[in-house]
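Just below is one structure, and these are the notes that go with it.
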Amino acid sequence: MALKITDECIACGACIPECPTNSITEGSPYVIDPATCVECVGHFDTPQCQSVCPVADTAILKA
Ligand code: SF4
Ligand code: SF4
């Protein structure tokens, strides 16, 4: 259960501070660690990285 960031990521950096499990690493594209991403279950009602991402529809998908 994890999300992944695609090549559509524009490297804005908005998602990093929102992740409750510190699963996102800076890069081009940014990277979500599938071992620690819990899709925000137990922390928030919706995935916070998707909530803040300006291009979430194409940049953050189900892994
Ligand atoms: S879905 Fe939640 S836990 Fe997973 S990377 Fe995004 S903010 Fe972090
Ligand atoms: S918020 Fe979206 S565009 Fe910005 S770094 Fe994260 S995944 Fe990339």
Side-chain angles (χ1 to χ4, degrees):
M1 188 173 74
L3 299 185
K4 68 179 175 188
I5 295 174
T6 75
D7 287 342
E8 298 303 313
C9 168
I10 58 172
C12 72
C15 52
I16 283 191
E18 306 303 325
C19 181
T21 58
N22 295 314
S23 298
I24 307 173
T25 303
E26 193 174 344
S28 184
Y30 278 40
V31 178
I32 292 174
D33 184 346
T36 57
C37 171
V38 293
E39 296 189 15
C40 286
V41 172
H43 298 276
F44 298 97
D45 290 339
T46 57
Q48 296 301 288
C49 52
Q50 284 184 318
S51 295
V52 299
C53 180
V55 291
D57 287 353
T58 53
I60 305 180
L61 306 175
K62 292 281 277 186

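In each ligand, atom 1 is the first atom listed, and ligand 1 is the first ligand listed. In what follows, residues are counted from 1 in the order of the sequence shown. Values in this document were obtained by computation on a predicted structure and should not be read as measured data.
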Handout entry: Atoms of ligand 1 close to Cys19 [distance to a heavy atom under 4.0 angstrom, numbered from 1]
Key =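 Once the distances to Cys19 are compared, the set is 3 (S), 5 (S), 7 (S), 8 (Fe).
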
Exercise for the section: Output the list of atoms in ligand 1 that are nearer than 4.0 Å to some heavy atom of Pro47, sorted by atom number. Expected result: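 Those atoms are 1 (S).
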
Problem - Nearest candidate to atom 1 (S) of ligand 1, where distance is taken over non-hydrogen atoms, out of Gln50, Glu39, His43 - result: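 Comparing heavy atoms across Gln50, Glu39, His43, the nearest one to atom 1 (S) of ligand 1 lies in Glu39.
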
Exercise for the section: Keeping the roles fixed (side chain from Thr25, backbone from Tyr30), state whether a donor-acceptor pair exists under 3.5 Å. Expected result: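 No.
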
Exercise for the section: Check whether any side-chain N or O of Gln50 sits under 3.5 Å from a backbone N or O of Ile60 as a donor-acceptor pair, and report yes or no. Expected result: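 Present.
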
Handout entry: Heteroatoms of the protein, restricted to N/O/S, which lie under 2.8 Å from atom 8 (Fe) of ligand 2
Key =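 Cys9 SG, with waters left out.
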
Identify, for [atom], the protein heavy atom at the shortest distance, and state residue, atom and that distance.
atom	value
atom 2 (Fe) of ligand 1	Cys40 SG, 2.3 Å
atom 3 (S) of ligand 1	Thr21 OG1, 3.4 Å
atom 4 (Fe) of ligand 1	Cys37 SG, 2.3 Å
atom 6 (Fe) of ligand 1	Cys49 SG, 2.3 Å

Problem - Over all atoms of both residues, closest heavy-atom pair of Ile24 and Cys19 - result: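 Minimum heavy-atom contact is CD1-CB, 3.9 Å.
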
Exercise for the section: Run the numbers on Cys15 and Glu18 for side chain to side chain contact (heavy atoms under 4.5 Å, CB included), then give the verdict. Expected result: CA-CA 5 Å; Cys15 52; Glu18 306 303 325; 5.7 Å; no

Handout entry: Qualifying residues under side chain to side chain contact (heavy atoms under 4.5 Å, CB included), relative to Pro54, sequence neighbours excluded
Key =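 For Pro54 the side chain to side chain contact (heavy atoms under 4.5 Å, CB included) partners, ignoring immediate neighbours, are Ile10, Cys12.
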
